[in-house]
Structures are given as structure tokens and as C-alpha cells.
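Have a look at the structure below, then the notes.
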Amino acid sequence: MSTSKKNSKTPRLWLVKSEPEAFSWQHLWDAPSRRTHWDGIRNYQVRNFIRDDIKKGDLLLYYHSNAKPPGVVGYAEVVREAYPDHTQFDPKDGHYDSKSDPADPRWLMFDLKAKKKLRQFVPLQDLKDNSKLKDMLVVQRGQRLSIQPVTLAEWREVLKMGGLEAATR
DNA sequence: GCCAACGTTGGC
DNA sequence: GCCAACGTTGGC
């Protein structure tokens, strides 16, 4: 799945899911420097994205899952690449992993910064109704990855639906 | 609250 | 290495 050897200078495009009750777009926007650690990832496929593919300068659609309705709120930028997720070593943390070796941490996180809120919220239903987005991962049935790659065409279409210019940077 | 889809775990 | 059981995700 890794493509890190090529295109290392090209910002890649992603969608990140967040439950607004856990960490909403507004919460991120109000954070110091509009920045946070993206911790708590405990899925190997997503871990590999973080380890191999998510680079500084990459852009991420910010998606509210388990929301009423779910949908895309804004976009953010990667400001720090993969480093160990400290919550895996904290027995009091809900994401504690007793099997992770501190000398070789199993789980990684990265930092992101909110860039721009969409002028209009784009609900999942609108993504589903748009034939140009029929291959987008987030509209696929049973697609549970909390970080998903997004193509340039999809990125542009979603931003357009959100009332923003389709500039990627 | 329901439940389909999917990932992980662990017995064998 | 198979696969049943279990836990989680997340739309509805």
C-alpha cells in the first residue's frame, strides 16, 4: 500500500473521520494554533498509512462520523509526521496496549492543523448522491477506515460542494 | 437502539 | 493456518 518512495514532494490527500462528541472540528479550531495530535489509531492499515504515506503538507478532509448527519466539515494540514502514540503506554488510557514494546512502539500518531472550514457542510448523503464520487471510499458500504486516501478529483469535487475554490494548497 | 460489515483473537 | 466468536465502527 505504501507509495512513499515516489511522489514524496506531492502533497497527498486524505479524509479523516472524527466523532464530533470525541473531537469535533470546532474543538480543533479552538485548540492552540488550531492544532492537535491525531492519537488513538489502533488499526494496522491506518497505522501503515501514518507510517508510510502521510507526510507533512498533506491535506485532510475533516469528516464527522457518528454525527447527525455525518459529513465533511472542513480541511486540515499535516504539520508533523509519524511519531509514537504515547497513549499506548498509559494503562489508564482507553487506548492502552499492553503488548506494545516501548523500544518498538506499535502505534503512531501525527499532528494536524485546521486550515479552512467549508462554507457549507457537505453531508454524506450528498456525497452518495454525486455520481462523480461513486468510487470515493467514504461512500462505500462497510468502509470503516478512519483515515482514507482521497483522489485529486474527489478532493476538488468535495471542496466545490462545500463552496470553496478547488485549490489544493 | 439495531445491525451489517469488518478486524482481531485465540483454540485447535 | 483455519475459522468461530467476539468487539468495534458507524450509518440508519
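Protein chains get the first letters and strands the later ones, always in sequence-line order, with residue 1 at the start of each. Here the structure is a predicted model, which is why all the values come from computation and not from measurement.
In summary, contact between chain A and DNA chain C, defined as any nucleotide atom under 4.0 Å from a heavy atom of the protein, begins and ends at C:dG7 to C:dC12 in the 5' to 3' direction.
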| Are A:Y62 and A:F23 close enough, and set up right, to give a side-chain contact (heavy atoms from CB on, under 4.5 Å), and what steps lead you there? | CA-CA 11 Å; A:Y62 202 97; A:F23 203 89; 3.3 Å; yes
| Stepwise salt bridge (Lys or Arg N to Asp or Glu O under 4.0 Å) test for A:E77 and A:K115 | CA-CA 6 Å; A:E77 178 175 0; A:K115 292 293 281 185; 3.1 Å; yes
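By the 6.0 Å and 45° rule, A:R80 stacks over the aromatic ring of A:Y83.
Residue order along DNA chain B, read from the 5' end via each residue's closest nucleotide, puts A:R141 first among A:R141 and A:R42.
With no hydrogens or angles considered, a side-chain donor-acceptor pair links A:W14 and A:D58 at under 3.5 Å. Side chains of A:N66 and A:E21: a donor-acceptor N/O pair is absent below 3.5 angstrom, by distance only. Between A:R144 and A:S65, the side chains place no donor N or O within less than 3.5 Å of an acceptor N or O (distance only, hydrogens not considered).
At a non-hydrogen distance threshold of 4.0 Å, nothing from residues 19-29 of chain A comes into contact with DNA chain B.
Taking the six-membered ring where the residue is Trp, the centroids of A:Y44 and A:W107 are separated by under 6.0 Å.
Classification of A:R106 and A:D85 as a salt-bridged pair fails, no side-chain N sitting under 4.0 Å from a carboxylate O.
Across all strands, A:K128 comes closer than 4.0 Å only to sugar-phosphate atoms, never to a base (heavy-atom distances).
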